[in-house]
Amino acid sequence: MKGLQRSQILPTEEYEEAMGTMQISQLDLFRLLDQNHDGRLQLREVLAQTRLGSGRWMTPENIQEMYSAIKADPDGDGVLSLQEFSDMDLRDFHKYMRRHKAAASELVRNSHHTWLYQGKGAHHVMRAIHQRVLRLTRLSPEIVELSEPMQVVRYGEGGHYHAHVDSGPVYPETICSHTKLVANESVPFETSCRYMTVLFYLNNVTGGGETVFPVADNRTYDEMSLIQDNVDLRDTRRHCDKGNLRVKPQQGTAVFWYNYLPDGQGWVGDVDDYSLHGGCLVTRGTKWIANNWINVDPNQARQALFQQEMARLAREGGADSQPEWALDRAYRDARVEL
């Protein structure tokens, strides 16, 4: 009923407030960014952290423009020493990012989307798709029924989604978006714990629009190796052709993958870095897809508590009760994607 809404990768007010409460010195921040521990910040080390930025996709050229604007790199070599980083006022960085409003083509994601209810009482087509997902994943009905509604996405010409993982690791500072409804915990960040992804292609795309998995089948994974010689394998507007696996959209087909590794004890373990994927630039026409994400909390006790609470709500609400109401309310105004 709301129609399509622009997809955005922008920090929420709560996120910015939480970031503001974090106590980290400039030296500690430098050490965090300096992944090879050589005492210097190369462009690729900064680019690797653009997920913490304002939603604008940063390129090597963007970083150098920013350095120049805030006078962070006096010698212009594109590398920041510890002294240069210490001399920089981080408030200038935030002011610069706020002043430069990104165009749609400069965002992490350029698309429009909406959410469609699939729970009990939904349209028979939506329920039929839900049953197919249930058979495909071979998970318990409770887990599938209590996962996110279906997301339908439209990418127009020029649309893209830079490479990302659909789920995030759960640290002590984070909680899963779905189980936070019942968990009596107070943490600054939340993440969408998406154990599985089922991506449906709803049409044939005239040009571009492939789903790329840049590091599929690599023997090893190194985040810093994704950015070499100004080639960022995560950049789906410029470097999709360099990814290891590209799936061309074909109407009526779907791609299915796991976002987490098993923990060896029959439950969810660490995020699978090889699930990194993105939507290549649509060069001609329009691309329509749909996503079904299966939500599972890596904290098994918390997932069990969530399912028990949803079952209790269903029992107390009578025969017409829909335990999915809680999730639908949680995602009703969703604007933020991983």
Side-chain angles (χ1 to χ4, degrees), residues 6-110 161-165 168-169 171-175 177 186-192 223-224 226-227 230 232 234-235 237 333-338:
R6 177 170 290 280
S7 307
Q8 297 178 355
I9 313 294
L10 296 173
T12 62
E13 291 182 4
E14 291 82 2
Y15 175 87
E16 291 182 345
E17 288 176 5
M19 289 296 289
T21 62
M22 294 181 69
Q23 299 296 322
I24 182 170
S25 69
Q26 206 140 327
L27 176 59
D28 287 338
L29 181 58
F30 181 88
R31 289 170 175 166
L32 178 68
L33 296 171
D34 183 19
Q35 295 196 23
N36 63 5
H37 309 296
D38 68 348
R40 307 167 78 218
L41 289 187
Q42 284 80 25
L43 282 174
R44 63 189 184 124
E45 290 176 312
V46 178
L47 287 170
Q49 301 301 323
T50 54
R51 68 173 70 97
L52 301 177
S54 65
R56 177 181 177 181
W57 182 259
M58 302 298 285
T59 65
E61 296 84 2
N62 294 148
I63 296 291
Q64 289 177 313
E65 288 172 8
M66 180 183 69
Y67 284 172
S68 177
I70 65 176
K71 298 179 173 57
D73 182 23
D75 54 16
D77 63 354
V79 178
L80 297 185
S81 66
L82 175 57
Q83 185 61 52
E84 288 173 331
F85 188 81
S86 300
D87 291 341
M88 183 175 69
D89 189 337
L90 292 179
R91 289 173 298 184
D92 291 338
F93 162 76
H94 293 299
K95 290 177 184 176
Y96 175 86
M97 297 302 290
R98 282 197 296 269
R99 283 199 309 267
H100 290 72
K101 298 297 182 182
S105 61
E106 298 174 311
L107 294 175
V108 173
R109 182 180 188 181
N110 179 16
Y161 195 168
H162 290 304
H164 59 283
V165 291
Y171 298 121
E173 297 82 11
T174 64
I175 194 170
S177 297
S186 177
V187 294
F189 302 109
E190 65 180 76
T191 187
S192 298
E223 185 174 33
M224 295 311 299
L226 293 169
I227 309 169
N230 287 344
D232 189 343
R234 305 166 306 163
D235 190 331
R237 291 184 62 85
D333 297 315
R335 297 288 188 278
V336 179
E337 295 300 318
L338 282 170

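Note that the coordinates shown come from a computational prediction; the quantities given were computed from them, not determined experimentally.
Using a 4.5 Å heavy-atom cutoff, the side chains of Ile227 and Arg234 are in contact. The closest side-chain heavy-atom distance from His162 to Asp232 is not below 4.5 Å. Taking the side chain as every heavy atom from C-beta outward, Arg40 and Asp77 approach each other to under 4.5 Å. Side-chain atoms of Met58 and Ile63, non-hydrogen and from C-beta on, do get closer than 4.5 Å to each other. Arg56 has its side chain within reach of Asn62: a pair of non-hydrogen atoms, C-beta onward, lies under 4.5 Å apart. Inter-residue side-chain proximity for Val108 and Tyr161 is flagged as met; some heavy-atom pair is nearer than 4.5 Å.
Pairing each heavy atom of Arg237 with each of Ser105, the nearest pair is CD-O, 3.4 Å. Gly39 approaches Asp34 most closely through the heavy-atom pair N-OD2, 2.9 Å. Gly78 and Asp73 make their closest contact through N-OD2, 2.7 Å (heavy atoms, listed as atom of the first residue, atom of the second, distance). The two residues Leu47 and Pro60 have their closest heavy-atom pair at CD1-CG, 3.7 Å. Leu29 and Phe85 make their closest contact through CD2-CZ, 3.9 Å (heavy atoms, listed as atom of the first residue, atom of the second, distance). Closest of all the heavy-atom pairs between Met88 and Ala72 is SD-CB, 3.6 Å.
Under a 3.5 Å cut-off, the side chain of Gln26 and the backbone N or O of Leu90 do not form any donor-acceptor pair. The closest donor-acceptor contact from the side chain of Asp28 to the backbone of Leu32 lies at 3.5 Å or more, if one exists at all. Put simply, the side chain of Thr174 never gets that close to the backbone of Glu190: no donor and acceptor are under 3.5 Å apart.
Every residue meeting the side-chain contact (heavy atoms from CB on, under 4.5 Å) condition with Asn110, not counting sequence neighbours, appears here in chain and number order: Arg6, Ala104, His160. Scored by the side-chain contact (heavy atoms from CB on, under 4.5 Å) test, Ser68 finds no partners at all (sequence neighbours excluded). Here Ser81 pairs with Gln83, Glu84 under the side-chain contact (heavy atoms from CB on, under 4.5 Å) rule; sequence neighbours left out.
Interatomic distance, Thr59 OG1 to Asp235 CG, rounded to the nearest 0.5 Å: 8.0 Å. Atoms CD and CG, from Gln35 and Leu41 in turn, are 10.0 Å apart once rounded to the nearest 0.5 Å. Atom CG in Asp75 sits 11.5 Å away from atom OH in Tyr67 (nearest 0.5 Å). For the atom pair CZ of Arg91 and CD1 of Ile70, the computed distance is 12.5 Å after rounding to the nearest 0.5 Å. Annotation: the span from Lys71 atom NZ to Asp89 atom CG amounts to 13.0 Å, rounded to 0.5 Å. The CG atom of Asp87 sits 9.5 Å away from the CG atom of Leu82 when rounded to the nearest 0.5 Å.
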